[in-house]
Amino acid sequence: MLQNKCPACRQGKLYKSDNAYNLKHFTEMNEHCPVCGEDLEREIGFYYGTGYVSYALTIAFSVATFIAWWVIIGFSLYDNRMFWWLGINAVLLVALQPPIMRVSRTIWLAFFVRYKPERLAASATQHRTV
């Protein structure tokens, strides 16, 4: 899922551009998987649910950075280390938003599309016969 591959064949690219930081085109997806032909545009509004996945990923990231900060630097009531963590965490979340959005779409799609190795085999034999 972290490589943003088709959940049906696990080989085709979901996005037209590999660069998540190409902000003009970072959410443009292929309509069909280039390898197995799986329909990636399920229906209008299908990807609205990715907000929940993105929220869960950002909470998990924030908890991980909180624990890492607590273990490495620590927190105190007598200084502003907590505010430093909040600021750094916010900057990291803004910087990581494009990849988080892509991964959340991939995870959301994987909830509804299962791995189908027979489609991969069928597309491989189809390419050999053509």
Side-chain angles (χ1 to χ4, degrees):
M1 281 192 243
L2 294 177
Q3 295 178 346
N4 295 317
K5 300 289 184 176
C6 171
C9 67
R10 297 184 183 164
Q11 290 190 4
K13 293 181 181 181
L14 292 180
Y15 295 95
K16 293 180 180 179
S17 170
D18 288 334
N19 185 5
Y21 290 99
N22 181 358
L23 298 181
K24 277 190 169 183
H25 307 287
F26 80 102
T27 59
E28 289 181 4
M29 297 179 69
N30 294 316
E31 289 184 25
H32 299 281
C33 174
V35 175
C36 70
E38 179 72 35
D39 184 21
L40 301 176
E41 286 293 326
R42 312 296 282 177
E43 61 188 33
I44 295 174
F46 174 74
Y47 289 104
Y48 288 156
T50 61
Y52 299 108
V53 178
S54 180
Y55 177 73
L57 290 175
T58 57
I59 293 298
F61 179 81
S62 296
V63 167
T65 60
F66 180 82
I67 291 170
W69 189 278
W70 189 7
V71 169
I72 295 169
I73 296 172
F75 290 105
S76 173
L77 296 174
Y78 303 108
D79 60 13
N80 57 2
R81 288 184 236 172
M82 178 69 147
F83 297 109
W84 275 101
W85 170 75
L86 283 171
I88 291 171
N89 188 57
V91 168
L92 286 173
L93 284 174
V94 168
L96 291 174
Q97 193 58 38
I100 287 173
M101 287 177 68
R102 280 185 166 206
V103 169
S104 66
R105 278 186 174 203
T106 305
I107 292 171
W108 184 254
L109 186 62
F111 283 149
F112 299 98
V113 177
R114 299 290 173 229
Y115 179 56
K116 302 169 190 166
E118 66 277 357
R119 292 194 80 184
L120 183 60
S123 71
T125 58
Q126 183 183 29
H127 289 303
R128 276 188 247 144
T129 58
V130 173

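All figures in this text were calculated on a predicted structure; none of them were measured in a lab.
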Colleague: With a cut-off of 6.0 Å (strictly less than), are more than 12 heavy atoms of other residues, nucleotides or ligands near NZ of Lys5?
Modeller: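 It does: Lys5 NZ has more than 12 such atoms within range.
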
Colleague: Counting only N and O atoms by type, is there a donor-acceptor contact under 3.5 Å from the side chain of Ser54 to the main-chain atoms of Thr50?
Modeller: no

Colleague: Do Ile73 and Trp85 make a side-chain contact, defined as non-hydrogen atoms from C-beta onward lying under 4.5 Å apart?
Modeller: no

Colleague: Using side-chain heavy atoms (C-beta onward) and a distance below 4.5 Å, is Leu86 in contact with Trp69?
Modeller: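 SC-SC contact between Leu86 and Trp69 ruled out.
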
Colleague: Parallel, tilted or perpendicular: which describes the rings of Phe66 and Phe75, with under 30° parallel and over 60° perpendicular?
Modeller: parallel

Colleague: Closest heavy-atom contact between Arg102 and Ser17?
Modeller: NH2-O, 2.8 Å

Colleague: Supply the atom-to-atom distance Lys16 NZ to Met29 CE, rounded to the nearest 0.5 angstrom.
Modeller: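 If we round to the nearest 0.5 Å, Lys16:NZ and Met29:CE are 10.5 Å apart.
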
Colleague: Which hydrophobic side chains are connected to Phe26, either touching it within the sub-4.5 Å cutoff or through other members that do?
Modeller: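 Cluster partners of Phe26: Leu23, Met101.
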
Colleague: Taking Tyr21 for the side chain and Ala95 for the main chain, is one N or O donor matched with an acceptor at less than 3.5 Å?
Modeller: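 Indeed, once roles are kept as given, a pair shorter than 3.5 Å links the two residues.
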
Colleague: Measuring from Asn89:CG to Phe61:CZ, what's the distance to the nearest 0.5 Å?
Modeller: 6.0 Å

Colleague: Check whether Arg114 reaches the backbone of Pro7 with its side chain - one donor and one acceptor, N or O, closer than 3.5 Å.
Modeller: no

Colleague: Nearest 0.5 Å, please: how far is CG in Leu93 from OG1 in Thr58?
Modeller: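 The CG atom of Leu93 is 6.0 Å from OG1 of Thr58, to the nearest 0.5 Å.
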
Colleague: Are more than 12 heavy atoms from other residues, nucleotides or ligands located less than 6.0 Å from atom CD of Glu41?
Modeller: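 Buried by this count: over 12 neighbours within 6.0 Å.
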
Colleague: Both conditions, 6.0 Å and 45 degrees, for the charged tip of Arg42 above the ring of Phe112: are they met here?
Modeller: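 Arg42 over Phe112 ring: no.
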
Colleague: Where the side chain of Arg10 meets the backbone of Tyr115, is there a donor-acceptor pair that is under 3.5 Å apart?
Modeller: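 No.
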
Colleague: Nearest heavy-atom pair of Asp18 and Lys13: which atoms, and what distance?
Modeller: OD2-NZ, 3.0 Å

Colleague: Measure the CG-CG distance between Leu96 and Leu57 for me, rounded to the nearest 0.5 Å.
Modeller: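 One finds 11.0 Å between CG of Leu96 and CG of Leu57.
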
Colleague: Tell me whether the count of non-hydrogen atoms from other residues, nucleotides or ligands lying under 6.0 Å of CD1 in Ile59 goes above 12.
Modeller: yes

Colleague: Ignoring hydrogens, what is the shortest heavy-atom contact between Leu40 and Tyr47? Give both atom names and the distance.
Modeller: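 Closest approach of Leu40 to Tyr47, heavy atoms only: O-OH, 2.7 Å.
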
Colleague: How long is the straight-line distance from CE of Met82 back to CG of Asn80, given to the nearest 0.5 Å?
Modeller: 12.0 Å

Colleague: Do Val63 and Val91 belong together in a cluster built from hydrophobic side chains that touch within less than 4.5 Å?
Modeller: no

Colleague: Compare every heavy atom of Cys6 with every heavy atom of Leu14, then report the nearest pair and how far apart it is.
Modeller: CD2-CA, 3.7 Å

Colleague: Under a 3.5 Å distance rule, please check whether Asn30 uses its side chain to pair with a backbone N or O of His32 as donor and acceptor.
Modeller: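 Not a single qualifying donor-acceptor pair exists.
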
Colleague: Walk me through it: do Glu38 and Val113 pass the test side-chain contact (heavy atoms from CB on, under 4.5 Å)?
Modeller: CA-CA 9 Å; Glu38 179 72 35; Val113 177; 3.9 Å; yes

Colleague: Can you confirm whether more than 12 heavy atoms, excluding those of Glu28, are under 6.0 Å from its CD atom?
Modeller: yes

Colleague: Going by the rule ring-ring contact (aromatic ring centres under 6.0 Å, His included), which residues pair with Tyr78 if we only count those two or more places apart in sequence or in a different chain?
Modeller: none

Colleague: For the hydrophobic clusters of this structure (ILVMFWY residues joined by side-chain heavy atoms under 4.5 Å, transitively), does one cluster hold both Tyr55 and Tyr48?
Modeller: no

Colleague: Is the backbone N or O of Phe46 less than 3.5 Å from a side-chain atom of Trp108, with the two atoms forming a donor-acceptor pair by type?
Modeller: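 Side chain of Trp108 to backbone of Phe46: a pair is present.
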
Colleague: To the nearest 0.5 Å, how far apart are CD1 in Ile107 and CG in Leu109?
Modeller: 11.0 Å

